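Just so it is clear, the structure is predicted and the values come from calculations on it, not from any experiment.
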Amino acid sequence: TGALGLVLGHPFDTVKVRLQTQTTYRGIVDCMVKIYRHESLLGFFKGMSFPIASIAVVNSVLFGVYSNTLLVLTATSHQERRAQPPSYTHIFLAGCTGGFLQAYCLAPFDLIKVRLQNQTEPMAQPGSPPPHYRGPVHCAASIFREEGYRGLFRGAWALMLRDTPTMGIYFITYEGLCRQYTPEGQNPSSATVLVAGGFAGIASWVAATPLDVIKSRMQMDGLRRRVYQGVLDCMVSSVRQEGLGVFFRGVTINSARAFPVNAVTFLSYEYLLRWWG
């Protein structure tokens, strides 16, 4: 289900990354039209193979760490959790822990995805110059060769700063909405899980977008020459050049994508927990 959500959401993600890192587009529609015109439908799916390969690992790290951290903090299993719901503080801390570790696993995959999504060349056409990266493996090898091992973790600090608090917000929103609309001691219905998961996705992405913009810019930095000294420098120079609005680039498309993807993610998470439980 994670992979299905990813395939559905990837075209939106590509548009979001372009809007955050390139200034040649006037907005979402303009960006979509230009990608389609220059790169065909395939342009929207650039850089998708690595996230698909890593989605199972990344999701299992996030949800596994979250569940186990809650277990440690509350000493109650998932089955007992309906009768004795954990406090929101515990949920937030468990979510932050999951987000922090997820970011570490995700960093190189995310970097490669962003670099491939930013290639505006059409897919191989006779006579046209080849793109800088020929695919995910070639991209990983090129970064390693040109920028060293640390190059693969470019933007990792921004990714950690993005995911640590926002995953706390993600799980608090989900649990809060489930509790609101579920009779005490019962499991939430599938409809409740879908709606709560969708809104949790939107809440976490709205909170994440400012650092998401910085992360994407840091990941593109170093491709030709280093522009930013670090996360703070990237924030300051982005605001200086483009105003505070720069922090909300891609927020609309992030939210639109977040609802269906996270609704499906939480539904599969709940089913797996009941199945294992």
Worksheet entry | R226, CZ: over 12 other non-hydrogen atoms inside 6.0 angstrom | yes
Item to complete: Could you identify which residues cluster with L73, counting Ile, Leu, Val, Met, Phe, Trp and Tyr as linked when any side-chain heavy atoms lie under 4.5 Å apart, either directly or through a chain of such contacts?
Response: L93
Hydrophobic cluster membership, with links at side-chain heavy-atom distances under 4.5 Å among I/L/V/M/F/W/Y: are [X] and [Y] in one?
{"X": "L211", "Y": "M218", "answer": "yes"}
{"X": "V58", "Y": "L116", "answer": "no"}
{"X": "L106", "Y": "M48", "answer": "no"}
{"X": "V213", "Y": "V206", "answer": "yes"}
{"X": "W205", "Y": "L6", "answer": "no"}

Keeping [X] on the side-chain end and [Y] on the backbone end, is there a donor-acceptor pair under 3.5 Å?
{"X": "S67", "Y": "G64", "answer": "no"}
{"X": "T164", "Y": "L161", "answer": "no"}
{"X": "Q117", "Y": "G47", "answer": "no"}
{"X": "K113", "Y": "P136", "answer": "no"}
{"X": "S40", "Y": "Y36", "answer": "no"}
{"X": "R162", "Y": "K215", "answer": "no"}
{"X": "H10", "Y": "I52", "answer": "no"}
{"X": "S60", "Y": "V57", "answer": "yes"}
{"X": "T209", "Y": "D212", "answer": "no"}
{"X": "K16", "Y": "V251", "answer": "no"}

What closest approach, in Å, do [X] and [Y] show between heavy atoms, and which atom pair accounts for it?
{"X": "I169", "Y": "A207", "answer": "CD1-CB, 3.8 Å"}
{"X": "T74", "Y": "P86", "answer": "CG2-CB, 3.6 Å"}
{"X": "A258", "Y": "I202", "answer": "CB-N, 3.9 Å"}
{"X": "L62", "Y": "G99", "answer": "CD1-N, 3.8 Å"}
{"X": "C31", "Y": "V15", "answer": "SG-CG1, 3.8 Å"}
{"X": "Y25", "Y": "D30", "answer": "CA-OD2, 3.4 Å"}

Rounded at 0.5 Å granularity, tell me how far [atom1] in [X] sits from [atom2] in [Y].
{"X": "F45", "Y": "L41", "atom1": "CZ", "atom2": "CG", "result": "6.0 Å"}
{"X": "M160", "Y": "F100", "atom1": "CE", "atom2": "CZ", "result": "4.5 Å"}
{"X": "T14", "Y": "M32", "atom1": "OG1", "atom2": "CE", "result": "10.0 Å"}
{"X": "Q219", "Y": "I143", "atom1": "CD", "atom2": "CD1", "result": "9.0 Å"}
{"X": "F92", "Y": "I172", "atom1": "CZ", "atom2": "CD1", "result": "6.0 Å"}
{"X": "D110", "Y": "C105", "atom1": "CG", "atom2": "SG", "result": "12.5 Å"}

Worksheet item: Can you tell which of R257, R18, K46 makes a salt bridge (charged side-chain N to carboxylate O under 4.0 Å, His left out) with D13?
Response: R257
Pair [X]-[Y], side-chain donor/acceptor within less than 3.5 Å:
{"X": "Y181", "Y": "S189", "answer": "no"}
{"X": "T265", "Y": "Y174", "answer": "no"}
{"X": "E121", "Y": "Y133", "answer": "no"}

Can you check whether [X] reaches [Y] side chain to side chain, under 4.5 Å on heavy atoms?
{"X": "Y88", "Y": "R179", "answer": "yes"}
{"X": "N254", "Y": "F12", "answer": "no"}
{"X": "Y66", "Y": "I91", "answer": "yes"}
{"X": "V65", "Y": "Q102", "answer": "no"}

Presence of salt bridge, [Y] and [X], under 4.0 angstrom:
{"X": "K34", "Y": "E39", "value": "no"}
{"X": "E146", "Y": "R115", "value": "no"}
{"X": "R154", "Y": "D221", "value": "no"}

Discussion item. Would you call the rings of Y149 and F153 parallel, tilted or perpendicular, taking 30° and 60° as the class edges?
Written reply: tilted
Discussion item. Tell me whether the rings of F171 and F266 are parallel (<30°), tilted (30 to 60°) or perpendicular (>60°).
Written reply: perpendicular
Worksheet item: Among H132, Q22, Q20, which residue meets the side-chain hydrogen bond (donor to acceptor under 3.5 Å, both in side chains) test with N118?
Response: Q22
Under 3.5 Å donor-acceptor pairs involving side-chain atoms of residues 227-236, not counting sequence neighbours:
residue, atom, partner, partner atom, Å
D233, OD2, Q229, N, 2.7

Worksheet item: When the aromatic ring centroids of F199 and Y170 are compared, is their separation below 6.0 Å?
Response: no
Worksheet, complete the sentence: Across all chains, not counting sequence neighbours, the side chain to side chain donor-acceptor pair (under 3.5 Å) partners of R217 are S238, E242
